[in-house]
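The structure displayed is predicted, hence computed values, not measured ones. Residue numbers begin at 1 in each chain, while the letters A, B, ... track the order of the sequences. The figures here come from the full heavy-atom set of this structure, side chains too, leaving out hydrogens, waters and symmetry mates.
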Amino acid sequence: MNSKFTKPYNPTENESVIYELWEQSGYFNPDNLPNVTEGPFTIIMPPPNANGQIHAGHALFVTLEDIMIRYKRMRGFKTLWLPGTDHAGFETQVVYEKKLEKEGRSRFNLSREELYAEIMDFVQANKKATENGMRQLGASCDWSREKFTLDPDIIQTVYATFKQMSDDGLVYRGERITNWCTKHQTSLSDLETLSETRKDKLYYMQYGPLVVATVRPETMFGDVAVAVNPDDERYRQYIGQDILAQTPIGELKLKVIADEAVEKDFGTGALKITPAHDANDFEIGLRHNLPSVEVIDRYGKLNEKAGKYAGLKIEAAREAVVRDLTELGLLLKTEDYEHDVSVCYKCGRVIEPRIIPQWFVKMKNLAEQAVKAVKNKKIQIIPNHQEKVFCHWLDNIRDWNISRQIAWGIPIPAKLCEKCDYAVVDIENQKTDCPKCGGRLIKDPDTFDTWFSSGQWPYATLGYPTGEDYRNFYPTDVMETAGDILFFWVARMVMFGLYRTGQVPFQTVYLHGLVRDAKNQKMSKSKGNVIDPAVIARKYGTDALRMALVTGNAAGTDMALSEDRIKGYKHFANKIWNITRFILENSQGQNSPVDLVPADEKLLAEFRALTADITTDMENFRFHLASEKIYQYTWHTLADVILEESKPLIFGNNESNRLSRLLTLNIILLDLLKLLHPFMPFLTETIWQSLPQTKEKMLLTARWPE
RNA sequence: GCACCCUUAGCUCAGUUGGUUAGAGCGUACGAUUCACAUUCGUAAGGUCGCAAGUUCAACUCUUGCAGGGUGCACCA
């Protein structure tokens, strides 16, 4: 008997050794897999942000994907799990800016090149830690194919897509209203803003012969019209006319227009229109061909158009304008008003809508194709109800602003004319003169929204369009990722995939929820309730952590992860260890072939039924049920009942019963290790390596029991 | 406002297509234990499956309404 089993199972002693053994074997690479009997099975790993440490969320996704991959590998598939890391443009720049702030520095004192270089160093250092963290979690991914979102070939693919979209008229540069963050000095997509309920005042101001209600009197210097509902009898006489409104800095000429968007019952039924600083007003402005007058600058300060208010920040300007309006007798009434405002999802500052020229992607047609793919079952989303959410979002999508005014990202391969601001796509970086006016072209200083590039991840990583991997592994099988990036990422991948390759990028989307703490609170550094997978792994073993993350947690739902549960699975690991020990101890020298007695045939039949049941769960992505069933069987059937009832047989005098039972137990043990391997890879492989009778060298590539 | 999800034992959650006495982990109580495992074993307490109605031979499961909690999207300035 192997002396290894005389001590309790020690995960830390074995895990790194076992991972080393797997990695050395080369079997993470599908090209090296022995006994491939099925087609390819591919998962592209959602690349973790290369800007910080591994956290419980990473542990969850690694566990789930590794389970799928190990299972399919054992079923004989040519299994590829392609890892990567994400430069995560805006996210990372925000993290780095915070770091700079702590050091008393500012991004705005650095040139874009300097900032880019600093963040690249920072990211390269973190990338290593992230990769090692995933190794520790047991990720059986093919490191030889690892990609980074800023790899030159990835950038080339992204550029080619941009060019093609531009040629197809799907990408355009437009002066459109954008979400501007005054802290981060960049525009953001609609997804990168949150709405927040605020208590403000609603001011009723005299505007010439009319009265308008507004929360933003300070934008009055950018007003170009007053809009009323076309059916509103009160204002019918004014429609189409110009009115003169008195302001603290002189008279303002405003057109009165009729638009359905105006609610008769809200305020006075008359709405002041500021196309340059309000998304709705901008839309109304487009419909009525109104000019737009910018009065707020990039820092959130009023500009020279606001006369004496120039240089004041929005809040200060509002106070001053209200005071002056009151003095002039133009402020008629003030009401308390609760409404929602858009804020930056990173810093929480109120978004200042601004009209700036940006690159946009036309979404309507792309979105329709994506919806069709889901409705036609080309793509299945788990949990299923997310398909409705997915389609609902795509049905109501607006054009996507992909320009970011940040340094950390893929530069947009375009040039702008100094003279006329005409924009041209220039992938090869060769154009020097404006094709329109002949003026000098300069590089577009902006970078892509990070999701514009990561949205192309599945085919970009596989070397589209000519790569061998692309031919062999695309479309991929499963996209396993967090439910909260369904729109940010999954929807974009589907659209890009269909657009560029004509195929869905993956057939199944498996979404997981958030990992919360034992009290069901969100984990955060400030609360101090963050679970560090590395610390947990050291204390209880990676396998215990994996079991705790997967067992009993249905797809798409948030989970409460408590240390007690992890501890429970550490006990489970030891239980399996001791089961092995018991069986080995008593099986020594008992290798002779024997006939099974009926009682043992029955035990095996029961076990095979369980195996079939578990296999069905695995096929249907019900990992939380599969692991629970194995757990129950191992502990409460095999250990508590079968082993206990075996003792009289094993220690008794009836030789045929004794040998039959020992053989049965050995058969069950081997298959059990296989069933458990996707969930607890380290423990099961450690045991496998110590067993005398295993035919297959490595459990990693052993055959899943039929 | 619209959409989606959740509500099951003290706590955290499972429960696949409706089908016997509704399950697990942790916790609690009592007991056992030289012979794989104190990281053990046994026994027990604990649930009118949010509320109400409906469909059905049969509902935790399906339908409708209501209440509470959560999430997403869009907004009336």
Side-chain angles (χ1 to χ4, degrees), chain A residues 1 5-9 190-191 194-195 200 202-205 212-217 219 223 226-227 229 261-274 278-281 284 337 339-342 383 385-393 395-398 483-484 486-487 513-514 516-520 540-541 544 547-548 551-554 556-586 613 616-617 619-622 624-629 631-632 635-636 639-640 643-644 646-647 650-651:
Chain A
M1 148 119 187
F5 291 97
T6 54
K7 287 183 294 180
Y9 176 60
D190 293 340
L191 276 180
L194 300 172
S195 65
D200 278 311
L202 187 62
Y203 302 99
Y204 287 73
M205 335 188 301
V212 296
T214 181
V215 277
R216 301 199 62 185
T219 62
D223 285 359
V226 172
N229 189 288
V262 182
E263 298 283 324
K264 278 194 280 190
D265 301 332
F266 189 89
T268 61
L271 169 64
K272 74 185 204 59
I273 301 295
T274 327
D278 182 281
N280 285 316
D281 292 4
I284 293 173
Y337 182 57
H339 66 149
D340 289 355
V341 295
S342 284
H385 66 81
Q386 291 284 358
E387 288 182 3
K388 279 187 226 166
V389 178
F390 181 88
C391 294
H392 182 257
W393 183 73
D395 285 341
N396 297 295
I397 201 164
R398 293 196 289 183
D484 57 5
L486 181 63
F487 307 145
L514 231 56
R516 297 164 177 273
D517 76 358
K519 291 179 202 144
N520 226 349
Y540 305 107
M547 281 296 279
T551 308
N553 286 107
T557 52
D558 291 356
M559 60 172 311
L561 181 64
S562 69
E563 243 185 90
D564 276 345
R565 284 189 59 228
I566 303 169
K567 196 161 88 186
Y569 291 111
K570 181 192 161 87
H571 298 175
F572 180 56
N574 197 57
K575 190 77 187 176
I576 298 161
W577 190 254
N578 278 299
I579 289 169
T580 308
R581 175 178 171 184
F582 177 80
I583 295 175
L584 285 192
E585 260 178 5
N586 290 294
D613 191 20
T616 309
D617 284 337
E619 287 295 323
N620 292 291
F621 300 92
R622 297 189 294 253
H624 62 298
L625 295 183
S627 62
E628 177 132 25
K629 284 170 187 167
Y631 177 93
Q632 287 301 320
W635 202 316
H636 301 300
D640 291 351
L643 286 195
E644 288 309 318
S646 297
K647 284 178 183 172
I650 291 172
F651 304 128

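For Val389(A), the side-chain contact (heavy atoms from CB on, under 4.5 Å) test picks out Gln386(A), Leu486(A), Phe487(A), with sequence neighbours left out. Here Lys647(A) pairs with Phe582(A), Glu644(A), Phe651(A) under the side-chain contact (heavy atoms from CB on, under 4.5 Å) rule; sequence neighbours left out. Contacts of Asp200(A) classified as side-chain hydrogen bond (donor to acceptor under 3.5 Å, both in side chains), with partners at least two apart in sequence or in another chain: His339(A). With sequence neighbours left out, Asn280(A) forms a side-chain contact (heavy atoms from CB on, under 4.5 Å) with Asp278(A). With sequence neighbours left out, His385(A) forms a side-chain contact (heavy atoms from CB on, under 4.5 Å) with Pro383(A). Take Asp484(A) and apply the salt bridge (charged side-chain N to carboxylate O under 4.0 Å, His left out) test, not counting sequence neighbours, and it matches no residue.
Atom name P, nucleotides A53(B) and A58(B): the rounded distance is 16 Å, in whole Å. Taking the P atom of each, C76(B) and G1(B) are spaced 16 Å apart, rounded to whole Å. Spacing between U61(B) and G72(B) at atom C1', rounded to whole Å, works out to 26 Å. To the nearest whole angstrom, the two P atoms, one in G50(B) and one in C11(B), are 14 Å apart. The same atom, C1', is picked in C30(B) and in U48(B); the two are 29 Å apart, to the nearest Å. Spacing of P atoms, U17(B) relative to U12(B), comes out at 26 Å, to the nearest Å. On the C1' atoms, G19(B) is 27 Å away from G65(B), given to the nearest whole Å. Across the P atoms, A9(B) and C60(B) are found 15 Å apart, a figure rounded to whole Å.
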Can you name the atoms? Protein N/O to nucleotides 63-66 of chain B N/O, anything below 3.5 Å, with the distance.
none

Dump every N/O contact between nucleotides 74-77 of chain B and the protein below 3.5 Å, one line per pair.
from: A74(B); atom 1: N6; to: Asp340(A); atom 2: OD2; distance (Å): 3.4
from: C75(B); atom 1: OP1; to: Arg398(A); atom 2: NH1; distance (Å): 3.4
from: C75(B); atom 1: N4; to: Asp340(A); atom 2: OD2; distance (Å): 2.7
from: C76(B); atom 1: OP1; to: Asn280(A); atom 2: OD1; distance (Å): 3.1
from: C76(B); atom 1: OP1; to: Asn280(A); atom 2: ND2; distance (Å): 2.0
from: C76(B); atom 1: OP2; to: Asn280(A); atom 2: ND2; distance (Å): 2.0
from: C76(B); atom 1: O2'; to: Tyr337(A); atom 2: OH; distance (Å): 3.4
from: A77(B); atom 1: OP2; to: Tyr337(A); atom 2: OH; distance (Å): 2.0
from: A77(B); atom 1: O5'; to: Tyr337(A); atom 2: OH; distance (Å): 3.4
from: A77(B); atom 1: O3'; to: Val215(A); atom 2: N; distance (Å): 3.1
from: A77(B); atom 1: N6; to: Glu263(A); atom 2: O; distance (Å): 2.9
from: A77(B); atom 1: N6; to: Phe266(A); atom 2: O; distance (Å): 2.7
from: A77(B); atom 1: N1; to: Glu263(A); atom 2: N; distance (Å): 3.3

Would you list the protein and nucleotides 1-7 of chain B atom pairs, both N or O, that sit under 3.5 Å from each other?
from: C4(B); atom 1: O2'; to: His385(A); atom 2: ND1; distance (Å): 3.4

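Remark: the backbone N or O of Lys570(A) is not paired with any side-chain donor or acceptor of Asn574(A) at under 3.5 angstrom.
In this structure, the ring of Phe266(A) has its center less than 6.0 angstrom from the ring center of Tyr337(A).
Regarding Ile576(A), its CD1 atom lies at a distance of 12 Å from the C1' atom of C37(B), rounded to whole Å. Rounded to a whole Å, the NZ atom of Lys629(A) is 10 Å from the P atom of G15(B). Rounded to whole angstrom, the span from the CE atom of Met559(A) across to the P atom of U12(B) amounts to 14 Å. A straight line from CG of Leu625(A) to P of G15(B) spans 6 Å, rounded to a whole angstrom. For Ile583(A) and C37(B), the CD1 to P distance is 14 Å, given to the nearest whole Å. Distance CD (Glu563(A)) to C1' (U12(B)): 15 Å, rounded to an integer number of Å. Between the CG atom of Leu194(A) and the C1' atom of C73(B) there is a distance of 12 Å, rounded to whole Å. If you take CG of Asp617(A) and C1' of G15(B), they are 12 Å apart, rounded to a whole angstrom.
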Using a cut-off of 4.0 Å between protein heavy atoms and nucleotide atoms, how would you tag nucleotides 17-36 of chain B 5' to 3' with B, S and -? -------SSS---------B
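Side-chain atoms of Tyr9(A) and Thr580(A), non-hydrogen and from C-beta on, never get closer than 4.5 Å to each other.
Residues Lys575(A) and Ala639(A) approach most closely at CE-CB, 3.5 Å, considering heavy atoms. The two residues Val212(A) and Val226(A) come nearest to each other via the heavy atoms CG1-CG1, 4.0 Å. In terms of heavy atoms, Ile273(A) sits closest to Ile284(A) at CD1-CD1, 3.9 Å.
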Show me, pair by pair, the donor-acceptor contacts under 3.5 angstrom made by side chains of residues 557-566 of chain A, not counting sequence neighbours?
from: Thr557(A); atom 1: OG1; to: Ala554(A); atom 2: O; distance (Å): 2.8
from: Asp558(A); atom 1: OD1; to: Leu514(A); atom 2: N; distance (Å): 2.8
from: Asp558(A); atom 1: OD2; to: Arg516(A); atom 2: NE; distance (Å): 3.0
from: Asp558(A); atom 1: OD2; to: Arg516(A); atom 2: NH2; distance (Å): 3.1
from: Ser562(A); atom 1: OG; to: Arg565(A); atom 2: N; distance (Å): 3.4
from: Glu563(A); atom 1: OE1; to: Lys539(A); atom 2: NZ; distance (Å): 2.8
from: Glu563(A); atom 1: OE1; to: Tyr540(A); atom 2: OH; distance (Å): 2.6
from: Arg565(A); atom 1: NH1; to: Ala548(A); atom 2: O; distance (Å): 3.2
from: Arg565(A); atom 1: NH2; to: Ala548(A); atom 2: O; distance (Å): 3.0
from: Arg565(A); atom 1: NH2; to: Thr551(A); atom 2: O; distance (Å): 3.0

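Within the nucleic acid shown, Leu191(A) comes within 4.0 Å of sugar-phosphate atoms alone, with no base atom in reach, counting heavy atoms only. Among the heavy atoms of the strands lying under 4.0 Å from Phe487(A) are primed sugar atoms or P, OP1, OP2 only; no base atom is included.
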Dot-bracket for RNA chain B, please. Rules: Watson-Crick or G-U, both distances under 3.5 Å, ( ) within the strand, [ ] when a pair crosses earlier ones, | for another strand, . otherwise. (((((((..((((.....[...)))).(((((.......))))).....(((((..]....))))))))))))....
